Novice: 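Just dropping this structure here.
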Amino acid sequence: MTDPAHPGAFPADFVWGVATAAYQIEGAAQTDGRSPSIWDTFSRNGGVVEGHSGDVACDHYHRFPEDLDLLQWLGVDAYRFSIAWPRVQPAGRGALNPRGIDFYDRVVDGLLERGIQPWVSLYHWDLPQILEDAGGWPARETAFRFAEYASLVYDALGDRVTGWITINEPWCVSFLGYAAGVHAPGRQEDVAAVRAAHHALLAHGLAVEALRAKGAASLGITTNLYHVMAASDSEADIDAARRVDGLQNRLFLDPVLRGAYPADVIEDLSAVSDFGHVHDGDLELIGAPIDFLGINYYSRYTVAAASSDNGQTDAASAKAGAHGARRAPWVGSADVVFRSSGLPLTAMGWEVDSDGLRQVLVRVAREYDAPPIYVTENGAAYPDVLRDGHIDDRDRIAYVNGHLAACAAAIAEGADLRGYFLWSLLDNFEWSWGYTRRFGIVHVDYATQVRTPKASARWYRQLMAGD
Ligand code: IFM
């Protein structure tokens with residue numbers, strides 16, 4: 001897995017890209033009619049370290065031509081970005097805000113002028129606050145609101161966008177937002193989290209139905225998958241790993257790719273929910289064929305049963321397993337703990353396990369009747385140092401290189417992987433961590449908004465050019 005990745009190991013039409021998301025880079029939070037999102041509220045209410053918010057972020061809203069030039073310089077085939085729902089449909093319903101959608105119209109045209117495919121994520125976590133006030137994702141109605149919004153955005157941009165991703169990481173939307181409370185809207189209600197997960201999936205299904213009716217031919221969803229390992233071969237640890245895999249991976253993969261919730265996960269969650277919120281017909285909608293599956297991969301989990309834990313759980317790993325949350329997102333599985341495997345950590349405290357990506361890709365290909373796959377996010381935060389105008393982020397290069405080698409290995413083992421989007425183009429607002437974690441291959445000086453490509457950007461550029 002240490003061999004350098006080389007484009008020669010990938011199909012000639014492999015899609016090379018980078019990814020971002022609206023709230024993390026745009027800023028202009030009160031501009032041109034944008035309404036508050038749950039992340040504006042969560043930031044204002046102290047949910048983010050050091051009081052950071054996305055008010056200004058990378059000021060991409062005003063500087064996008066410069067950022068599109070950076071993409072052109074990099075030589076990517078594709079750019080994945082998200083649409084801010086509160087910018088284009090501030091009331092969460094009804095006609096689009098012309099000034100809001102016009103911004104994305106210009107982004108899309110700017111990409112096409114530079115020969116770059118636009119890939120759009122319709123929901124990357126910035127729910128209009130007005131819809132949270134009406135119940136948020138635990139409320140069924142939100143899924144219908146999303147389908148209306150998706151449909152209107154498709155009407156505006158559908159003639160020029162290459163790939164449509166409905167929901168980004170429904171696990172984070174539901175379990176980090178509504179169970180752990182470490183993401184917006186910061187609720188800690190297990191029942192609500194299980195409902196939110198279903199409604200995020202239903203939103204996907206309803207949007208697919210609506211966009212298909214309009215002729216869309218490249219629709220998918222992005223799940224954040226982990227390679228989950230049991231800490232030992234004891235029955236208790238194997239069962240703990242099964243539970244975490246169930247909640248993190250299968251609760252989302254099975255409905256989308258098999259049209260059914262996994263029976264063991266329903267059973268695990270029985271003390272929390274009777275799944276009465278699942279209506280007849282929902283799973284047919286959610287399981288309707290998609291054109292691709294997006295996979296975001298960052299790390300692995302090594303899981304043990306609390307009952308078998310003899311004080312071996314290392315604090316950093318336990319924290320990583322729970323995404324830094326004081327209250328774990330593992331609804332219905334309070335008895336699981338996370339162990340360190342002794343692998344190197346990124347600045348997020350996440351273990352670097354490139355082979356886990358190979359395993360995830362091969363597993364999805366083998367266990368599911370999967371459509372073509374795209375890695376829609378992969379990358380790492382490191383404590384970059386800007387020295388004489390340069391950032392020599394060789395740890396990030398090694399991370400991406402290792403994960404690309406894993407992608408090549410998965411393709412060789414039969415995974416139908418069609419593309420890779422590095423997270424992220426720019427340093428940006430890393431959710432509850434604010435600006436204290438940097439994932440970009442381009443450094444952003446938040447005081448001046450000066451962009452400086454890191455060594456990793458030059459490396460990725462050369463790699464994509466086939467040098
Ligand atoms: O920054 C996030 C992104 O918004 C969603 N996937 C994980 C990234 C790193 O945490």
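Computed from a prediction, not measured in an experiment: that's the story for all the values here. Any value given below was found using the heavy atoms of this structure, including those in side chains, with hydrogens, waters and symmetry copies removed. As the structure lists them, so they are numbered: ligands from 1, and atoms in each ligand from 1.
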Novice: Looking at F292, F14, Y420, which hits ring pair (Phe, Tyr, Trp, His ring centres under 6.0 Å) with Y374?
Specialist: F292

Novice: Every pair of nitrogen or oxygen atoms between ligand 1 and the protein that is under 3.5 angstrom apart - can you list them with their distances to 0.1 Å?
Specialist:
{"unit_1": "ligand 1", "atom_1": "1 (O)", "unit_2": "Q24", "atom_2": "NE2", "d": "3.0"}
{"unit_1": "ligand 1", "atom_1": "1 (O)", "unit_2": "W423", "atom_2": "NE1", "d": "3.3"}
{"unit_1": "ligand 1", "atom_1": "1 (O)", "unit_2": "E430", "atom_2": "OE1", "d": "2.6"}
{"unit_1": "ligand 1", "atom_1": "4 (O)", "unit_2": "Q24", "atom_2": "OE1", "d": "2.7"}
{"unit_1": "ligand 1", "atom_1": "4 (O)", "unit_2": "H124", "atom_2": "NE2", "d": "2.7"}
{"unit_1": "ligand 1", "atom_1": "4 (O)", "unit_2": "W431", "atom_2": "NE1", "d": "2.8"}
{"unit_1": "ligand 1", "atom_1": "6 (N)", "unit_2": "E169", "atom_2": "OE1", "d": "3.3"}
{"unit_1": "ligand 1", "atom_1": "6 (N)", "unit_2": "E169", "atom_2": "OE2", "d": "2.8"}
{"unit_1": "ligand 1", "atom_1": "6 (N)", "unit_2": "E377", "atom_2": "OE1", "d": "2.5"}
{"unit_1": "ligand 1", "atom_1": "10 (O)", "unit_2": "E430", "atom_2": "OE2", "d": "2.5"}

Novice: I'd like to check the side chain to side chain donor-acceptor pair (under 3.5 Å) partners of Y460; sequence neighbours left out, ordered by chain and number.
Specialist: none

Novice: For E351 and S299, run side-chain hydrogen bond (donor to acceptor under 3.5 Å, both in side chains): C-alpha distance rounded to whole Å, both residues' side-chain angles, the deciding distance at 0.1 Å, then the answer.
Specialist: CA-CA 6 Å; E351 291 192 325; S299 189; 5.6 Å; no

Novice: Could you give the side-chain donor-acceptor pairs of residues 71-79 under 3.5 Å, partners two or more places apart or in another chain?
Specialist:
{"unit_1": "D77", "atom_1": "OD2", "unit_2": "W16", "atom_2": "N", "d": "2.9"}
{"unit_1": "Y79", "atom_1": "OH", "unit_2": "T20", "atom_2": "OG1", "d": "2.6"}

Novice: Sequence neighbours left out, what passes side chain to side chain donor-acceptor pair (under 3.5 Å) with Q30? Give chain and number order.
Specialist: none

Novice: Which word best sums up how the rings of Y123 and W85 line up, parallel for under 30°, tilted for 30 to 60°, or perpendicular for over 60°?
Specialist: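 Perpendicular: the ring planes of Y123 and W85 meet at over 60°.
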
